[in-house]
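Residue numbering restarts at 1 for every chain, and letters A, B, ... go by the order of the sequence lines.
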Amino acid sequence: MERTVRVRFAPSPTGALHIGGVRTALYNYLFAKKYHGKFILRIEDTDQMRLVPGAEAYILHTLQWLGLEVDEGPIQGGTFGPYRQSERTKIYQEYAAQLIAKGKAYYAFDTPEELNAMRERLKAARVTAPQYNTVSREWMKNSLVLPKEEVIAMQQAGVPCVIRMKTPHQEDIRFHDLIRGWVKMNTTALDDKVLMKSDGTPTYHFANVVDDYLMQITHVIRGEEWIPSTPIHVLLYRYLGWETSMPQFAHLPLLLKPEGTGKLSKRDADERGFAIFPLTWKDPTSGVYTQGFREKGYLPEALLNFLALLGWSPSNQQDIFSKEDLIKAFTIERIGKSGIKFDIHKAEWFNQRYLRAKPDEVLVAYLLKALEENEITDTQGKALQVFRLMKERVTFPQDFWLQGKFFFTKPTVYDEHILKTKWTQQTRSVLQKFCNTLKTLVPFKDDVIKSTLERLIEAESIKINQVMPIVRVALTGLGAGPDLMQSMELIGQKECLSRIETFLEQYPSPC
RNA sequence: GGCCCGUUCGUCUAGGGGUUAGGACAUCAGGUUUUCAUCCUGAAAACAGGGGUUCGAUUCCCCUACGGGCUACCA
């Protein structure tokens, strides 16, 4: 009998969600929707030391922004709650007690210093992997070797202790990964993992297994960094008697640095100026803001499309996918195995595509909003015309303003390069003459302006590509932009004249 | 170091025992445009290396190299 698909996204609220985490969430979401299952959000906040205020809300906002609706979670509720691990401590304690009773786990009283000493000792003895394991536990301070009375006495005295898992001595543990096939590991490589910390809270491994079982998770889709600890999880399912309902595993390839070596990090993003967080994040301790994809102008649908194709590919050669398309096409089998060098270029291209596909009203609204923010009162008519000239040129919503503000405000700086290469005695004289003709030009329309300029160019026997850039710089300050004649018409006769005159005054003679 | 996972154009990838090894982004060139961008056309660009297996291997197996992950009372 097929179980209903139930997958979970289980982030730790230790800061802003990383873009890799967003991709993991997306793959889980797509898989759930594809099979009409449930997408569950579980907050793994067992480590109270690393907890960051605001991080959980950030995760929620991110999923919301991206349209990854959560079926069950801390806010949404559900029949398998609570969905915050910090609220489930009792549950873990019960199952830990069960493992102790079964002889599958034990108490350990070793202090950090003692653990360190053990590792040092093993290292000195040239043990390749110094661990608390089937061998070393024999000479440590735990309930396996200590007399029962002593253990009880220590517990009564309140000596801090953890619960460790009793790993079998030498056994092959294998598990099937939906992406990688069978993975085999021997327990000699495993240590006796801490299941419950001395403060009574569980570690990741334990809470994860208990919750996945209790929440009836069918598929665990998570990052590749978890492969080495999956045998521990398998063992735990076995110890708890849950092996038959163990979820299926799928370990996703990791997002890597654009160049060089290592996992993609916030630092890479900062150094190269691309976003790594979905939304802008203010670090509560340093107060430093890190701009997110949203604030950089990325559209959620563009980011989703970009992310989906980072490690997954469809069976055809389609590259533009709506969320619905992705749900339809997504399969775990088509997820790749190798690490992915993160390259932001394609994301920009996706954004441009999605942005330009938006209805005109939406796009004009971006410009209108920018005008409002810059306290420019303008008739909607002009904004609409500006928008039409700009539409094919933008990648991000803010480009309408960034590249088109000259329509509304006078330039304050002039393109150095154009000035250096095109500003000559001749172009100055042509610009002056052009300005003079403009004064009496009726009507002030793009085609009329154009023919005027063309006549002038012919009379002066100068090349058009000598004059145009200078006219553009005088009017807009920029070296490139939308159609100049249409731009002039929009700027208006009076304003054009004023701008050219200002320019001529500021640059009286070519340098 | 040990254990585990991986390796097709610069990047994301398709493919798979016999292919002109396909696409997208980026790059470059040509066209369009007064310019830049867009758009159109085109070009350059890859099976990590070595052994097997096979009539034949980029595809299957092994080794090496390289890359990545893990190796905490973090997740």
(request) Run through A:Phe342, A:Trp349, A:Trp312 and flag the one making a ring-ring contact (aromatic ring centres under 6.0 Å, His included) with A:Phe306. (result) A:Phe342
(request) Under 4.0 Å between any heavy atoms, over every strand shown, what does A:Val183 touch: base, sugar-phosphate, or nothing? Just pick one. (result) sugar-phosphate
(request) Please report, rounded to the nearest Å, how far the P atom of B:U13 is from the CG atom of A:Leu256. (result) 11 Å
(message) Does B:U33 have OP1 or OP2 under 4.0 Å away from a side-chain N or O of A:Arg472?
(response) no
(message) Using OP1 and OP2 only, check whether a side-chain N or O of A:Lys197 sits under 4.0 Å from B:A75.
(response) yes
(message) Please determine whether a side-chain nitrogen or oxygen atom of A:Lys193 lies at a distance below 4.0 Å from atom OP1 or OP2 of B:C70.
(response) no
(request) With a 3.5 angstrom cut-off on both distances, give the Watson-Crick or G-U wobble partner of B:U53, or none if there isn't one. (result) none
(message) Distance check, C1' atoms only: B:G6 and B:G22, in whole angstrom units.
(response) 23 Å
(message) Whether A:Arg334 contacts B:G15 is assessed here as follows: a side-chain N or O lying under 4.0 Å from the phosphate OP1 or OP2. Is that the case?
(response) yes
(request) Measure from NZ or CZ of A:Arg23 to the centre of the six-membered ring of A:Tyr27, then state whether that distance is under 6.0 Å and the direction lies within 45° of the axis. (result) yes
(message) I'd like the C1' distance from B:U34 over to B:G67, given in whole Å.
(response) 50 Å
(request) Please work out whether the ring planes of A:His251 and A:Phe175 are parallel, tilted or perpendicular, with thresholds of 30° and 60°. (result) perpendicular
(message) Counting only side-chain nitrogens and oxygens, does A:Ser313 get under 4.0 Å of the OP1 or OP2 atom of B:A14?
(response) yes
(message) Counting distance alone, no hydrogens or angles: does the base of B:C73 have a donor or acceptor under 3.5 Å from a partner atom on the side chain of A:Ser198?
(response) yes
(request) Pick the C1' atom in B:U27 and in B:A48, then give their distance to the nearest Å. (result) 24 Å
(request) Starting from the C-alpha separation in whole Å, work towards a yes-or-no answer on side-chain hydrogen bond (donor to acceptor under 3.5 Å, both in side chains) for A:Tyr83 and A:Asp211. (result) CA-CA 9 Å; A:Tyr83 293 90; A:Asp211 287 347; over 6 Å; no
(request) Give the rounded distance in Å between these two atoms: NZ of A:Lys463 and P of B:U34. (result) 15 Å
